[in-house]
Amino acid sequence: MADGLHLDQVEITRNGTRLIAIDTYVAPGEVLTIMGPSGVGKSTLLSAVTGTLSPEFTLSGHIRLMGRDLTALPPEERCVGILFQDALLFPHLNVGANLAFGLAPGGTRAERRAKIDAALAEVGLDGFAPRDPATLSGGQRARVALMRMLLSEPHALLLDEPFSGLDADLRDQVRNLVFDHAKARGLPVLLVTHDEADAEAAGGQVIVLE
């Protein structure tokens, strides 16, 4: 279990009431889907993994990623990437500058630009670096958000209903793109959704919260 994401007897409570109890392992390149209606704690679980859990909740157990115990680490030391329903691109930066935000410090300007250009080419957006995010379609914004996150070289990928704002055809396209890139990079994926089609496309384990 050293290479994947291990939710080791994780329990989350609020005011003494248990919301989540989960003990499972997500292998590199595999997807664990957490399903259930709004308000059952799906996004709360993601907050626990990213280290942004609200103080009103109490976490017990351990969250391990690639053999490291993340449970007590601050968010910036966890090497976890997350995508939301909104692409959350910075409106005051062009596409290239948005992607540069995901890069680690260092390297020459030419090296950083080459990484950005390669990332855009990888998702069919050659030449989009100077573009204003406001001019992008929903699918294009989703692809830029994905590559910005991947450029940060995360060790795991969390998905907080990132496909729910897209129309049906585009949802299939972006969903496959995200899963394919995660699998190619050997990233364990934790997906929360209320859409059964997401779970079916992801394959792997499914846990239903009620």
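Predicted model only: the values in this text are computed from it and were never measured.
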**OP:** Over all heavy atoms of both residues, which pair between Asp126 and Ala121 is shortest? Give the atoms and the distance, please.
**Re:** OD1-CB, 3.2 Å

Original post:
Who pairs with Asp8 by salt bridge (Lys or Arg N to Asp or Glu O under 4.0 Å), at least two apart in sequence or on another chain?
Top reply: Arg64

**OP:** Indicate yes or no: at least one non-hydrogen side-chain atom of Ile22 is less than 4.5 angstrom from one of Leu45.
**Re:** yes

Subject >> Trace of the side-chain contact (heavy atoms from CB on, under 4.5 Å) decision for Asp198 with Leu191 >> reply: CA-CA 9 Å; Asp198 287 346; Leu191 164 69; 4.1 Å; yes

Original post:
Which heavy atom of Pro28 sits nearest a heavy atom of Gly186, and at what distance?
Top reply: CB-O, 3.2 Å

**OP:** Using the rule that two of Ile, Leu, Val, Met, Phe, Trp, Tyr join whenever any of their side-chain heavy atoms come within less than 4.5 Å, decide whether Leu166 and Phe179 are in one cluster.
**Re:** yes

Original post:
Just checking, any donor-acceptor pair under 3.5 angstrom between side chains of Gln205 and Thr33?
Top reply: no

**OP:** Check whether any side-chain N or O of Arg141 sits under 3.5 Å from a backbone N or O of Asp86 as a donor-acceptor pair, and report yes or no.
**Re:** no

**OP:** Please check if the side chain of Ser137 supplies one atom and the backbone of Gln140 the other of a donor-acceptor pair under 3.5 Å.
**Re:** yes

**OP:** Would you tell me whether Asn15 and Thr17 have side-chain atoms, one donor and one acceptor, within less than 3.5 Å of each other?
**Re:** no

**OP:** Verify, without hydrogens or angle tests, whether Arg78 (side chain) and Val49 (backbone) share a donor-acceptor contact under 3.5 angstrom.
**Re:** yes

Subject >> Main-chain N/O of Gly16 paired to Thr13 side chain as donor or acceptor, under 3.5 Å >> reply: no

**OP:** Mark yes or no for whether Lys42, through its side chain, and Gly36, through its backbone, hold a donor-acceptor pair below 3.5 Å.
**Re:** yes

Original post:
CD of Glu76: more than 12 outside heavy atoms within 6.0 angstrom?
Top reply: yes

Original post:
salt bridge (charged side-chain N to carboxylate O under 4.0 Å, His left out) between Asp172 and Arg175: does it pass, once the steps are laid out?
Top reply: CA-CA 5 Å; Asp172 288 341; Arg175 187 164 50 204; 2.3 Å; yes

Original post:
Taking only residues two or more places apart in sequence, or in another chain, which ones meet Phe90 in a side-chain contact (heavy atoms from CB on, under 4.5 Å)?
Top reply: His92, Leu93, Asn98, Phe101, Arg148

Original post:
Does atom CZ of Arg131 have more than 12 heavy-atom neighbours from other groups under 6.0 Å away?
Top reply: yes

Original post:
Do you know the tightest heavy-atom contact between Leu187 and Ala156?
Top reply: CD2-N, 4.1 Å

Original post:
Can you check whether Pro74's main-chain N or O pairs, donor with acceptor, with Glu77's side chain at less than 3.5 Å?
Top reply: no

**OP:** Rounded to the nearest 0.5 Å, what's the gap from CG on Leu53 to CZ on Arg14? Could you check?
**Re:** 10.5 Å

Original post:
Do you know which two heavy atoms are closest between Ala129 and Arg113, and how far apart they sit?
Top reply: CB-NH2, 3.9 Å

**OP:** With the side chain counted from C-beta on, respond yes when Gln9 and His62 share a heavy-atom pair under 4.5 Å apart, and no when they do not.
**Re:** no

Original post:
Any side-chain heavy atom of Leu59 sitting closer than 4.5 Å to one from Glu11?
Top reply: no

Original post:
Do Val26 and Val31 come close enough that some side-chain heavy atom pair is under 4.5 Å?
Top reply: no

Original post:
If two hydrophobic side chains count as joined below 4.5 Å and joins carry through other members, does Val174 share a cluster with Leu190?
Top reply: no

Original post:
Side-chain contact, heavy-atom cut-off 4.5 Å: Leu120 with Met147?
Top reply: no

**OP:** With the side chain counted from C-beta on, respond yes when Pro188 and Asp3 share a heavy-atom pair under 4.5 Å apart, and no when they do not.
**Re:** no

Original post:
Which pairs, with at least one residue in residues 149-170 and sequence neighbours excluded, count as a salt bridge (charged side-chain N to carboxylate O under 4.0 Å, His left out)?
Top reply: none

**OP:** Answer yes or no: is there a side-chain heavy-atom contact under 4.5 Å between Leu19 and Phe57?
**Re:** yes

**OP:** Check the pair Leu5 / Val80 against side-chain contact (heavy atoms from CB on, under 4.5 Å), numbers first and verdict last.
**Re:** CA-CA 10 Å; Leu5 175 64; Val80 173; over 6 Å; no

**OP:** Test side-chain contact (heavy atoms from CB on, under 4.5 Å) on Val178 and Leu159 and set out the steps.
**Re:** CA-CA 9 Å; Val178 171; Leu159 303 174; 4.0 Å; yes

Original post:
At what distance, to the nearest 0.5 angstrom, does CG of Leu73 lie from SG of Cys79?
Top reply: 9.5 Å

Original post:
After noting the C-alpha distance and the side-chain angles of Leu177 and His181, does the key distance pass the side-chain contact (heavy atoms from CB on, under 4.5 Å) rule?
Top reply: CA-CA 6 Å; Leu177 181 74; His181 279 262; 3.5 Å; yes

Original post:
Are Phe84 and Leu158 side-chain neighbours, meaning at least one heavy-atom pair lies under 4.5 Å?
Top reply: no

